[in-house]
Amino acid sequence: MASPGQQSQRIEAWFLENRRTLPWRTRRSAWRSLVSELMLQQTQVARVVEKFIPFMERFPDPASLAAADEQEVLAMWQGLGYYRRARNLKRSAEYIVQHFGGRTPLDVDDLLQLPGVGRYTAGAVASIAGRRRVPIVDGNVQRVLARLHADDADPSSRDAIDRAWQRAGALVEACDRPDHLNEGLMELGALVCTPGVPDCGTCPVASGCSAKRSGRQGRIPPPKRAAIKIEVHHHAVVIKRKGRLLMEQRGDDGIWAGLWQVPTVESKRKLVPSQVQRRCGIELAGIDRLGSFTHVLSHRRIHVHVFRGSIAAGVRAGVGTWCTSSQMERLPVSNAVVRILEVART
Ligand code: ADE
(Lines give C-alpha, C1' and ligand atoms only; values in the text may rest on other atoms or scores of the structure.)
Protein backbone atom coordinates (compact mmCIF):
# COMPACT_ATOMS: atom_id res chain seq x y z
CA MET A 1 0.00 0.00 0.00
CA ALA A 2 1.14 3.56 -0.65
CA SER A 3 2.58 5.36 2.39
CA PRO A 4 0.34 7.85 4.24
CA GLY A 5 2.43 10.64 2.70
CA GLN A 6 1.75 9.43 -0.84
CA GLN A 7 -1.93 8.88 -0.11
CA SER A 8 -2.30 12.34 1.43
CA GLN A 9 -0.59 14.01 -1.50
CA ARG A 10 -2.78 12.19 -4.02
CA ILE A 11 -5.91 13.28 -2.14
CA GLU A 12 -4.68 16.88 -1.89
CA ALA A 13 -3.89 17.04 -5.62
CA TRP A 14 -7.21 15.42 -6.50
CA PHE A 15 -9.06 17.95 -4.34
CA LEU A 16 -7.43 20.92 -6.06
CA GLU A 17 -8.53 19.58 -9.44
CA ASN A 18 -12.00 18.33 -8.55
CA ARG A 19 -13.42 20.43 -5.72
CA ARG A 20 -16.85 21.92 -6.11
CA THR A 21 -17.20 25.67 -6.06
CA LEU A 22 -19.12 26.27 -2.85
CA PRO A 23 -19.85 29.65 -1.26
CA TRP A 24 -17.82 29.02 1.90
CA ARG A 25 -14.81 28.04 -0.20
CA THR A 26 -14.52 31.30 -2.13
CA ARG A 27 -13.17 33.26 0.80
CA ARG A 28 -11.91 31.67 3.98
CA SER A 29 -12.15 32.95 7.51
CA ALA A 30 -12.58 31.22 10.85
CA TRP A 31 -16.06 32.71 11.22
CA ARG A 32 -17.23 31.66 7.76
CA SER A 33 -15.81 28.23 8.36
CA LEU A 34 -17.52 27.86 11.74
CA VAL A 35 -20.89 28.92 10.33
CA SER A 36 -20.64 26.68 7.27
CA GLU A 37 -19.49 23.61 9.21
CA LEU A 38 -22.33 23.97 11.72
CA MET A 39 -24.83 24.40 8.88
CA LEU A 40 -23.44 21.35 7.08
CA GLN A 41 -23.90 18.98 9.99
CA GLN A 42 -26.79 16.65 9.14
CA THR A 43 -27.89 18.94 6.32
CA GLN A 44 -27.40 18.53 2.59
CA VAL A 45 -24.89 20.74 0.81
CA ALA A 46 -27.56 22.05 -1.61
CA ARG A 47 -29.68 23.38 1.27
CA VAL A 48 -26.67 25.06 2.88
CA VAL A 49 -25.67 26.66 -0.42
CA GLU A 50 -29.01 28.52 -0.45
CA LYS A 51 -28.79 29.71 3.13
CA PHE A 52 -25.12 30.49 3.66
CA ILE A 53 -24.75 33.77 1.72
CA PRO A 54 -27.85 35.55 3.12
CA PHE A 55 -26.85 34.44 6.61
CA MET A 56 -23.29 35.76 6.22
CA GLU A 57 -24.54 39.04 4.77
CA ARG A 58 -26.74 39.57 7.78
CA PHE A 59 -24.21 38.23 10.32
CA PRO A 60 -20.76 38.96 8.86
CA ASP A 61 -19.00 38.53 12.20
CA PRO A 62 -19.61 37.08 15.66
CA ALA A 63 -20.53 40.50 17.08
CA SER A 64 -23.48 40.95 14.71
CA LEU A 65 -24.85 37.51 15.55
CA ALA A 66 -24.27 37.95 19.28
CA ALA A 67 -26.29 41.19 19.21
CA ALA A 68 -29.16 39.80 17.12
CA ASP A 69 -32.56 38.74 18.36
CA GLU A 70 -32.80 34.95 18.58
CA GLN A 71 -36.07 34.93 16.64
CA GLU A 72 -34.37 36.57 13.70
CA VAL A 73 -31.51 34.09 13.84
CA LEU A 74 -33.96 31.18 13.82
CA ALA A 75 -35.80 32.73 10.88
CA MET A 76 -32.52 32.99 8.93
CA TRP A 77 -31.82 29.35 9.78
CA GLN A 78 -35.21 28.23 8.52
CA GLY A 79 -35.02 25.20 6.24
CA LEU A 80 -31.74 23.93 7.68
CA GLY A 81 -33.47 21.97 10.48
CA TYR A 82 -31.93 20.99 13.82
CA TYR A 83 -32.49 24.45 15.26
CA ARG A 84 -30.41 23.68 18.33
CA ARG A 85 -27.38 24.32 16.09
CA ALA A 86 -28.60 27.87 15.39
CA ARG A 87 -29.01 28.55 19.10
CA ASN A 88 -25.57 27.13 19.81
CA LEU A 89 -24.07 29.23 17.04
CA LYS A 90 -25.55 32.34 18.58
CA ARG A 91 -24.24 31.33 22.01
CA SER A 92 -20.84 30.64 20.42
CA ALA A 93 -20.87 34.12 18.90
CA GLU A 94 -21.60 35.59 22.34
CA TYR A 95 -18.76 33.55 23.84
CA ILE A 96 -16.37 34.69 21.10
CA VAL A 97 -17.27 38.33 21.81
CA GLN A 98 -16.82 37.86 25.57
CA HIS A 99 -13.71 35.69 25.63
CA PHE A 100 -11.88 36.16 22.33
CA GLY A 101 -12.44 39.86 21.62
CA GLY A 102 -14.90 39.05 18.82
CA ARG A 103 -12.38 37.07 16.77
CA THR A 104 -13.22 33.43 16.07
CA PRO A 105 -10.34 31.32 17.39
CA LEU A 106 -8.37 28.92 15.22
CA ASP A 107 -6.90 26.63 17.87
CA VAL A 108 -8.73 23.40 18.58
CA ASP A 109 -8.67 23.86 22.38
CA ASP A 110 -10.21 27.33 22.08
CA LEU A 111 -12.82 26.16 19.57
CA LEU A 112 -13.82 23.26 21.83
CA GLN A 113 -14.94 25.77 24.47
CA LEU A 114 -17.74 26.98 22.16
CA PRO A 115 -21.22 25.54 22.77
CA GLY A 116 -22.15 22.88 20.24
CA VAL A 117 -18.61 22.63 18.87
CA GLY A 118 -17.18 19.11 19.14
CA ARG A 119 -14.07 17.45 17.88
CA TYR A 120 -15.23 17.41 14.26
CA THR A 121 -16.22 21.08 13.99
CA ALA A 122 -13.18 22.28 15.96
CA GLY A 123 -10.90 20.23 13.72
CA ALA A 124 -12.61 21.43 10.56
CA VAL A 125 -12.31 25.13 11.43
CA ALA A 126 -8.73 24.79 12.74
CA SER A 127 -7.52 22.81 9.74
CA ILE A 128 -9.52 24.38 6.91
CA ALA A 129 -9.44 28.03 7.98
CA GLY A 130 -6.29 27.87 10.13
CA ARG A 131 -4.29 25.16 8.32
CA ARG A 132 -3.61 23.55 11.69
CA ARG A 133 -2.35 19.98 11.43
CA VAL A 134 -5.36 18.32 13.10
CA PRO A 135 -7.58 15.51 11.80
CA ILE A 136 -11.30 15.50 11.14
CA VAL A 137 -13.70 12.60 10.81
CA ASP A 138 -17.28 12.93 9.65
CA GLY A 139 -19.47 10.26 8.05
CA ASN A 140 -17.90 10.74 4.61
CA VAL A 141 -14.34 10.61 5.93
CA GLN A 142 -15.07 7.57 8.04
CA ARG A 143 -16.39 5.68 5.01
CA VAL A 144 -13.35 6.58 2.87
CA LEU A 145 -10.95 5.45 5.61
CA ALA A 146 -12.89 2.26 6.39
CA ARG A 147 -12.65 1.27 2.72
CA LEU A 148 -8.98 2.20 2.36
CA HIS A 149 -8.24 -0.11 5.29
CA ALA A 150 -10.97 -2.71 4.56
CA ASP A 151 -12.30 -2.13 8.07
CA ASP A 152 -15.67 -3.85 8.11
CA ALA A 153 -16.57 -2.99 11.72
CA ASP A 154 -19.91 -1.38 12.57
CA PRO A 155 -19.15 2.33 11.91
CA SER A 156 -21.06 3.41 15.00
CA SER A 157 -18.86 1.31 17.33
CA ARG A 158 -16.41 3.14 19.57
CA ASP A 159 -13.47 1.12 18.18
CA ALA A 160 -14.31 1.90 14.55
CA ILE A 161 -14.61 5.61 15.38
CA ASP A 162 -11.29 5.59 17.27
CA ARG A 163 -9.52 3.85 14.39
CA ALA A 164 -10.93 6.39 11.92
CA TRP A 165 -9.54 9.27 13.99
CA GLN A 166 -6.14 7.55 14.20
CA ARG A 167 -6.04 6.99 10.44
CA ALA A 168 -7.14 10.55 9.73
CA GLY A 169 -4.40 11.66 12.13
CA ALA A 170 -1.74 9.68 10.25
CA LEU A 171 -2.80 11.21 6.93
CA VAL A 172 -2.84 14.78 8.23
CA GLU A 173 0.58 14.31 9.86
CA ALA A 174 1.99 13.25 6.50
CA CYS A 175 0.25 15.79 4.25
CA ASP A 176 1.47 19.03 2.72
CA ARG A 177 -1.63 21.12 3.40
CA PRO A 178 -4.07 20.09 6.17
CA ASP A 179 -6.83 22.25 4.65
CA HIS A 180 -6.62 20.51 1.28
CA LEU A 181 -6.23 17.05 2.78
CA ASN A 182 -9.17 17.31 5.17
CA GLU A 183 -11.59 18.92 2.77
CA GLY A 184 -10.29 16.53 0.10
CA LEU A 185 -11.19 13.52 2.25
CA MET A 186 -14.70 14.91 2.73
CA GLU A 187 -15.05 15.73 -0.95
CA LEU A 188 -13.83 12.28 -1.95
CA GLY A 189 -16.53 10.77 0.25
CA ALA A 190 -19.18 13.08 -1.18
CA LEU A 191 -18.29 12.71 -4.87
CA VAL A 192 -16.40 9.45 -5.46
CA CYS A 193 -16.34 7.12 -2.47
CA THR A 194 -20.11 7.37 -2.10
CA PRO A 195 -22.26 5.13 0.13
CA GLY A 196 -23.73 2.81 -2.50
CA VAL A 197 -21.44 1.90 -5.37
CA PRO A 198 -18.27 4.00 -5.28
CA ASP A 199 -16.72 5.34 -8.48
CA CYS A 200 -13.33 3.66 -7.98
CA GLY A 201 -12.30 4.48 -11.56
CA THR A 202 -11.85 8.14 -10.65
CA CYS A 203 -10.44 7.64 -7.14
CA PRO A 204 -6.91 8.97 -6.57
CA VAL A 205 -6.16 6.33 -3.94
CA ALA A 206 -7.88 3.31 -5.52
CA SER A 207 -4.54 1.53 -6.07
CA GLY A 208 -3.96 1.44 -2.32
CA CYS A 209 -7.53 0.62 -1.32
CA SER A 210 -7.83 -2.66 0.58
CA ALA A 211 -11.62 -2.87 0.18
CA LYS A 212 -11.29 -2.54 -3.60
CA ARG A 213 -8.50 -5.11 -3.69
CA SER A 214 -10.80 -7.65 -2.06
CA GLY A 215 -13.85 -6.49 -4.04
CA ARG A 216 -15.69 -5.43 -0.89
CA GLN A 217 -15.99 -1.68 -1.51
CA GLY A 218 -19.80 -2.03 -1.80
CA ARG A 219 -20.06 -3.88 1.52
CA ILE A 220 -17.75 -1.71 3.62
CA PRO A 221 -18.79 -0.11 5.87
CA PRO A 222 -21.71 -2.43 6.74
CA PRO A 223 -25.08 -0.68 6.83
CA LYS A 224 -25.88 1.07 10.08
CA ARG A 225 -28.80 -0.28 12.01
CA ALA A 226 -31.71 2.02 11.21
CA ALA A 227 -32.56 4.26 14.15
CA ILE A 228 -35.82 3.28 15.78
CA LYS A 229 -38.35 6.01 15.09
CA ILE A 230 -41.24 6.74 17.40
CA GLU A 231 -44.55 7.33 15.68
CA VAL A 232 -46.58 10.32 16.80
CA HIS A 233 -49.59 12.23 15.50
CA HIS A 234 -49.73 16.02 15.29
CA HIS A 235 -53.12 17.57 14.66
CA ALA A 236 -52.52 21.05 13.31
CA VAL A 237 -55.43 23.48 13.30
CA VAL A 238 -55.25 26.34 10.82
CA ILE A 239 -57.43 29.19 12.08
CA LYS A 240 -57.85 32.43 10.16
CA ARG A 241 -59.71 35.59 11.05
CA LYS A 242 -59.75 38.86 9.11
CA GLY A 243 -56.74 37.76 7.05
CA ARG A 244 -54.69 36.88 10.13
CA LEU A 245 -53.47 33.45 11.12
CA LEU A 246 -53.43 32.20 14.70
CA MET A 247 -49.88 31.13 15.62
CA GLU A 248 -48.33 29.89 18.85
CA GLN A 249 -44.73 29.49 19.95
CA ARG A 250 -43.36 26.12 21.00
CA GLY A 251 -41.67 25.76 24.38
CA ASP A 252 -37.93 25.84 25.00
CA ASP A 253 -37.46 22.07 25.05
CA GLY A 254 -37.92 19.21 22.64
CA ILE A 255 -38.23 19.31 18.88
CA TRP A 256 -38.59 22.66 17.12
CA ALA A 257 -37.97 24.44 20.43
CA GLY A 258 -38.90 28.12 20.23
CA LEU A 259 -40.27 27.91 16.69
CA TRP A 260 -43.79 28.98 15.80
CA GLN A 261 -46.67 26.79 14.65
CA VAL A 262 -50.39 26.79 14.14
CA PRO A 263 -52.15 25.44 17.26
CA THR A 264 -51.28 21.76 17.40
CA VAL A 265 -52.55 18.83 19.44
CA GLU A 266 -49.94 16.09 19.81
CA SER A 267 -50.85 12.53 20.70
CA LYS A 268 -49.71 8.94 20.39
CA ARG A 269 -52.80 8.08 18.38
CA LYS A 270 -54.75 9.69 15.58
CA LEU A 271 -57.65 11.74 16.92
CA VAL A 272 -61.04 12.36 15.35
CA PRO A 273 -62.01 15.98 14.61
CA SER A 274 -64.21 16.36 17.69
CA GLN A 275 -61.31 15.28 19.93
CA VAL A 276 -58.98 17.77 18.25
CA GLN A 277 -61.60 20.48 18.67
CA ARG A 278 -61.94 19.70 22.38
CA ARG A 279 -58.22 19.42 23.08
CA CYS A 280 -56.89 22.39 21.13
CA GLY A 281 -57.65 24.86 23.91
CA ILE A 282 -59.56 27.25 21.68
CA GLU A 283 -63.31 27.69 21.54
CA LEU A 284 -63.89 26.67 17.93
CA ALA A 285 -67.26 26.94 16.16
CA GLY A 286 -66.29 24.11 13.82
CA ILE A 287 -63.42 22.01 12.49
CA ASP A 288 -62.79 20.29 9.11
CA ARG A 289 -60.11 17.85 8.05
CA LEU A 290 -58.01 19.07 5.11
CA GLY A 291 -55.45 16.30 4.64
CA SER A 292 -52.48 14.46 6.12
CA PHE A 293 -48.79 13.89 5.41
CA THR A 294 -45.88 12.21 7.14
CA HIS A 295 -42.90 14.24 8.26
CA VAL A 296 -39.80 12.20 9.07
CA LEU A 297 -37.14 13.39 11.50
CA SER A 298 -34.09 11.46 12.67
CA HIS A 299 -35.85 9.78 15.59
CA ARG A 300 -39.49 10.40 14.90
CA ARG A 301 -42.09 9.71 12.27
CA ILE A 302 -44.71 12.40 12.62
CA HIS A 303 -48.12 11.88 11.05
CA VAL A 304 -49.38 15.41 10.53
CA HIS A 305 -53.13 15.87 10.18
CA VAL A 306 -54.20 19.28 9.00
CA PHE A 307 -57.53 20.83 10.02
CA ARG A 308 -59.22 24.12 9.38
CA GLY A 309 -60.85 25.55 12.48
CA SER A 310 -63.37 28.35 12.52
CA ILE A 311 -63.79 30.71 15.38
CA ALA A 312 -66.91 32.76 15.91
CA ALA A 313 -66.69 36.54 15.61
CA GLY A 314 -66.02 38.14 18.95
CA VAL A 315 -64.66 34.96 20.60
CA ARG A 316 -61.18 35.43 22.05
CA ALA A 317 -58.68 32.79 20.97
CA GLY A 318 -57.20 32.73 24.46
CA VAL A 319 -53.89 31.34 23.20
CA GLY A 320 -51.42 32.41 20.51
CA THR A 321 -50.99 35.50 18.41
CA TRP A 322 -52.92 36.61 15.33
CA CYS A 323 -50.32 37.18 12.60
CA THR A 324 -50.54 39.11 9.34
CA SER A 325 -48.85 37.66 6.26
CA SER A 326 -45.92 40.06 6.59
CA GLN A 327 -45.45 39.05 10.23
CA MET A 328 -45.58 35.42 9.10
CA GLU A 329 -42.63 36.00 6.78
CA ARG A 330 -40.41 36.93 9.72
CA LEU A 331 -41.60 34.17 12.05
CA PRO A 332 -39.30 31.13 12.39
CA VAL A 333 -41.25 27.96 11.62
CA SER A 334 -40.27 24.35 10.93
CA ASN A 335 -40.48 22.72 7.50
CA ALA A 336 -43.49 20.80 8.82
CA VAL A 337 -45.37 24.07 9.34
CA VAL A 338 -44.45 25.18 5.82
CA ARG A 339 -46.05 21.95 4.58
CA ILE A 340 -49.12 22.42 6.80
CA LEU A 341 -49.71 25.88 5.36
CA GLU A 342 -49.34 24.46 1.84
CA VAL A 343 -52.04 21.86 2.59
CA ALA A 344 -54.30 24.61 3.95
CA ARG A 345 -53.74 26.79 0.86
CA THR A 346 -54.61 24.08 -1.69
N1 ADE B 1 -19.45 18.79 4.67
C2 ADE B 1 -18.96 19.19 5.85
N3 ADE B 1 -18.01 20.12 5.68
C4 ADE B 1 -17.91 20.32 4.35
C5 ADE B 1 -17.13 21.18 3.56
N6 ADE B 1 -16.26 21.99 4.13
N7 ADE B 1 -17.31 21.12 2.23
C8 ADE B 1 -18.21 20.26 1.71
N9 ADE B 1 -18.96 19.44 2.38
C10 ADE B 1 -18.83 19.47 3.71
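What you are looking at is a predicted structure, and each value in this text was computed from that prediction instead of being measured. Along the sequence shown, the residues carry numbers beginning at 1. Indexing begins at 1, ligand by ligand and atom by atom, following the structure's order.
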Is it the case that the side chains of R216 and S214 hold a donor-acceptor pair, with the cut-off being a distance below 3.5 Å and no angle test? yes
[atom]: the protein heavy-atom neighbour that sits closest, reported with distance to 0.1 Å:
atom: atom 7 (N) of ligand 1; value: R25 NH2, 3.0 Å
atom: atom 4 (C) of ligand 1; value: L40 CD1, 3.4 Å
atom: atom 3 (N) of ligand 1; value: E37 OE1, 2.7 Å

Does atom CZ of R84 have more than 12 heavy-atom neighbours from other groups under 6.0 Å away? no
Just let me know how E183 lines up against ligand 1, side chain, backbone, both or neither, with a heavy-atom cut-off below 4.0 Å. side chain
Does the plane of the ring in H180 sit parallel, tilted or perpendicular to the ring in F15? Use 30° and 60° as the thresholds. tilted
Should the pair W24 and F52 be assigned to parallel (<30°), tilted (30 to 60°) or perpendicular (>60°) ring geometry? perpendicular
Could you say whether the N/O atoms of Y120 and ligand 1 ever approach to under 3.5 Å? yes
Which atoms of ligand 1 are found less than 4.0 Å from any heavy atom of W24? 5 (C), 6 (N), 7 (N)
Check for me whether the distance between the ring centres of H233 and H305 falls short of 6.0 Å. yes
